[in-house]
Amino acid sequence: MRILVSALLLAAGIVVGATVPTLSGFVRDSVAAIGLAGPAGKPGPAPTRHDHDPPRAASSEGPGDHGPDGHGHAEQAEAGVIRMSPEQVASQDITVAPVMGGTLARHLLVPGTITPDTDRIARVPARVVGTVAEMRKRLGDSVRTNEVVAVLDSREVADAKSEYLTALVQVELQTINFERQQKLLASRSASESAFQSARAAFLEAQLRADLARQKLSALGLDAAAVAAAQKRDEATPTLSTLRRYELRAPLAGRVVERRVDVGSAVGKEGDPADVYLVADLSTVWIELSVPTLDLAQVQEGARVTVTPSREGGDRRAEGRVIFVSPFLNPETRSARVVVALPNADLAWRPGTFVTAELEIAREDVPVRVPKAALQTVAGTRVVFVRNPDGFAMRAVELGRADDESYAVTAGLAPGEAIAVGNTFLLKAELGKAEAGHDD
């Protein structure tokens, strides 16, 4: 009877426990106490529990957390920061430089050809009819201004010198006669007509001397030098400079052409008109042809950087625009632009094809960064600022640009150090760190 009553009470407890969750623990304990099966119908040992045991603390780990052996990161790096030691920076050739202000300059690329400066090239003309007696300079020799480079033997020169020397003698004789007649007239020992005749002869002799002097000047001869040479000839009868005509260099430079030889006839129709061609190549010109659309941007005085168009090494030089033609070529619809280029070492040879970078705009900016310092991350232009731990990515706002740099309008201050070389390595490191955080 007692067993039957216990069974009825246990069945009632099971029904109530199913409906009242707070009683389910008591029912489970009761079932376990009498050794019956669990709720799932499987026998199991009763859990050992003592009233004095403390309650189990709730776990602080969420369902998505991992322990020390899990794959989660214990510490996440700050966003946009790349931790690198100085040794790592040096080993990857990441160049760092301070931010500074500078000048933005935009250029126009135009092909050109080097030519001699027409103001620094001169011919040594024969100027008189004669024969080449001496050639004192060889091809390539340097010459100074007014240096004698050749000597001609010329009958024309001899006639001109003789005429002048004769006129000098006549002036001397007529001067003596005029002064004597003037004294006689004063003492009333000569007539007025004799004095006037002497005076007329004196003035005519002076006129002839002046005409002979002008003729020498037209031939490039100095009258005083001719008279001095005549006196030297009188002292050395075996030598004569009467037929000698010296050709002098009109400017300093180098002999770039020699057009006659000793014994060549010059000066007459059909004969060579020039003996030498002398050029000063310490400054050369660059002939450019600028299209009409770009012509308005080219100004006289603008800086020009020149590089060889073909294989010519890494030579670079800077010149200035000295002339912009107001006329257009009707066939090419372009204008002639001339650039003066210093050439002290004579490395730029006339006839060389070059590329000219004409400066068409120039602007000073407070903050300027090279294009190599900029990277694009998530559609934003950024730079990498150096800090004690490595680099920190920083977004910047850009302004005007030239061929090599950008002006920064916001995001950087002068003096801050940024990476300016191999910045793509920093962008790659940043991508690796973000990919690790997403795992």
* Asked: Got a second to check how far Leu185's CG is from Lys183's NZ, nearest 0.5 Å?
  -> 13.5 Å

* Asked: Is it true that a side-chain atom of Gln88 and a backbone atom of Ser85 form a donor plus acceptor pair closer than 3.5 Å?
  -> yes

* Separation of Gln181 CD from Leu184 CG (nearest 0.5 Å) -> 5.5 Å

* **Close side-chain approach of Val385 and Leu412, heavy atoms under 4.5 Å** => yes

* Please examine the side chains of Leu207 and Leu203, heavy atoms only from C-beta on, and report whether any two atoms are closer than 4.5 Å. => no

* **Criterion side chain to side chain contact (heavy atoms under 4.5 Å, CB included) on Thr131 and Leu152, from CA distance to verdict** => CA-CA 5 Å; Thr131 304; Leu152 303 182; over 6 Å; no

* Do Val89 and Pro86 come close enough that some side-chain heavy atom pair is under 4.5 Å? -> no

* When you measure from the side chain of Asp159 to the backbone N and O of Glu156, does any donor-acceptor pair fall under 3.5 Å? -> no

* **Main-chain N/O of Gln230 paired to Lys161 side chain as donor or acceptor, under 3.5 Å** => no

* Structure fact -> The reported gap from CG in Asn422 to CD1 in Ile94 (rounded to nearest 0.5 angstrom) is 6.5 Å

* Check against side chain to side chain contact (heavy atoms under 4.5 Å, CB included), Val226 and Leu165 -> CA-CA 8 Å; Val226 171; Leu165 294 173; 4.3 Å; yes

* **Qualifying side chain to side chain donor-acceptor pair (under 3.5 Å) pairs, either residue in residues 333-346, two or more places apart** => Glu287-Arg336, Ser289-Ser334, Thr332-Ser334

* Heavy-atom count around Glu404 CD within 6.0 Å, excluding the residue itself: above 12? -> no

* To do: Please say whether more than 12 non-hydrogen atoms of neighbouring residues, nucleotides or ligands are located less than 6.0 Å from CZ in Arg259.
  => yes

* **Residues in side chain to side chain contact (heavy atoms under 4.5 Å, CB included) contact with Lys268, at least two apart in sequence or another chain** => Val129, Asp271

* Asked: Within a strict 4.5 Å, meaning less than it, do heavy atoms of the Arg243 and Ser154 side chains meet?
  -> no

* Point-to-point distance, once rounded to the nearest 0.5 Å, from CG of Leu173 to CD1 of Ile176 -> 6.0 Å

* CZ of Arg136: more than 12 outside heavy atoms within 6.0 angstrom? -> yes

* Structure fact -> side-chain contact (heavy atoms from CB on, under 4.5 Å) test vs Pro272 passes for just one of Val260, Val132, Asp261, namely Val260

* Asked: How far does OG1 of Thr307 sit from CZ of Arg316, to the nearest 0.5 angstrom?
  -> 6.0 Å

* Structure fact -> Smallest heavy-atom separation, Leu168 atom then Ala227 atom, equals CD1-CB, 4.3 Å

Donor-acceptor pairs under 3.5 angstrom involving side-chain atoms of residues 107-116: please list them, not counting sequence neighbours.
from: His107; atom 1: ND1; to: Ala105; atom 2: O; distance (Å): 3.4
from: His107; atom 1: ND1; to: Asp403; atom 2: OD2; distance (Å): 2.7

* Looking only at heavy atoms, what is the nearest atom pair of Leu341 and Gly319, with distance? -> CD1-N, 3.9 Å

* Excluding sequence neighbours, so at least two apart, what forms side chain to side chain contact (heavy atoms under 4.5 Å, CB included) with Ser197? -> none

* Do Leu374 and Val383 have side chains that get closer than 4.5 Å, going by heavy atoms? -> yes

* Using modelled atom types only, decide if a donor and an acceptor are shared between the side chain of Arg258 and the backbone of Tyr276 within a distance under 3.5 Å. => no

* Structure fact -> On a heavy-atom basis, the closest approach of Ala279 and Ile121 is CB-CG1, 4.1 Å

* To do: Report the C-alpha separation of Arg208 and Glu204 in whole Å, then their side-chain angles, then the decisive distance to 0.1 Å, and conclude whether the salt bridge (Lys or Arg N to Asp or Glu O under 4.0 Å) test is met.
  => CA-CA 6 Å; Arg208 289 183 182 276; Glu204 183 179 355; 3.2 Å; yes

* Structure fact -> Heavy atoms of Ala198 and Asn177 approach each other most closely as CB-ND2, 3.5 Å

* Asked: Among pairs that include at least one residue of residues 120-131, which meet salt bridge (Lys or Arg N to Asp or Glu O under 4.0 Å), considering only residues two or more places apart or in two chains?
  -> Asp117-Arg120, Arg120-Asp280, Arg123-Asp274

Check residues 213-222 and write down every donor-acceptor pair under 3.5 Å in which the side-chain atom is one partner and the other belongs to a residue at least two apart or another chain.
from: Arg213; atom 1: NH1; to: Asp210; atom 2: OD1; distance (Å): 2.7
from: Lys215; atom 1: NZ; to: Glu163; atom 2: OE1; distance (Å): 3.4
from: Asp222; atom 1: OD2; to: Ala225; atom 2: N; distance (Å): 3.1

* For Gln196, which residues count as a side chain to side chain contact (heavy atoms under 4.5 Å, CB included) partner, sequence neighbours excluded? -> Glu192, Arg199

* To do: Give the intermediate values and the outcome of side chain to side chain contact (heavy atoms under 4.5 Å, CB included) for residues Val255 and Leu277.
  => CA-CA 6 Å; Val255 175; Leu277 182 66; over 6 Å; no

* Asked: side chain to side chain contact (heavy atoms under 4.5 Å, CB included) with Ala417: which residues, sequence neighbours excluded?
  -> Val96, Arg386

* Other residues, nucleotides, ligands: >12 heavy atoms within 6.0 Å of Glu300 CD -> yes

* To do: Assess whether salt bridge (Lys or Arg N to Asp or Glu O under 4.0 Å) is satisfied between Arg248 and Glu246, documenting all intermediate values.
  => CA-CA 6 Å; Arg248 299 178 180 272; Glu246 296 177 341; 2.9 Å; yes

* Can you tell me how far CZ of Phe384 sits from CD1 of Ile418, rounded to the nearest 0.5 angstrom? -> 11.0 Å

* Among pairs that include at least one residue of residues 368-385, which meet side chain to side chain donor-acceptor pair (under 3.5 Å), considering only residues two or more places apart or in two chains? -> Arg368-Ser405, Gln375-Thr423, Thr376-Arg381

* **Side-chain (Thr352) to main-chain (Trp348) donor-acceptor, under 3.5 angstrom** => no

* To do: Take Val278 and Leu251 through the side chain to side chain contact (heavy atoms under 4.5 Å, CB included) test and state the conclusion after the steps.
  => CA-CA 8 Å; Val278 178; Leu251 54 78; 3.8 Å; yes

* Kindly indicate whether the side chain of Val339, heavy atoms from C-beta on, has any atom under 4.5 Å from the side chain of Trp285. => no

Side-chain donor-acceptor distances from residues 142-150 under 3.5 Å, at least two apart:
from: Thr145; atom 1: OG1; to: Ala252; atom 2: N; distance (Å): 3.1
from: Glu147; atom 1: OE1; to: Arg144; atom 2: N; distance (Å): 2.9
from: Glu147; atom 1: OE2; to: Lys137; atom 2: NZ; distance (Å): 2.9

* To do: Determine yes or no for a side-chain-to-main-chain donor-acceptor pair under 3.5 angstrom, with Thr241 supplying the side chain and Arg244 the backbone.
  => no

* **Any pair counted as ring-ring contact (aromatic ring centres under 6.0 Å, His included), so long as it reaches residues 155-191, sequence neighbours left out** => Phe178-Phe195, Phe178-Phe202

Could you give the side-chain donor-acceptor pairs of residues 388-401 under 3.5 Å, partners two or more places apart or in another chain?
from: Asp389; atom 1: OD2; to: Arg83; atom 2: NH1; distance (Å): 3.4
from: Arg394; atom 1: NH1; to: Gly411; atom 2: O; distance (Å): 3.1
from: Arg394; atom 1: NH1; to: Glu416; atom 2: OE1; distance (Å): 3.0
from: Arg394; atom 1: NH1; to: Glu416; atom 2: OE2; distance (Å): 2.8
from: Arg394; atom 1: NH2; to: Glu416; atom 2: OE2; distance (Å): 3.1
from: Arg400; atom 1: NE; to: Glu363; atom 2: OE1; distance (Å): 3.4

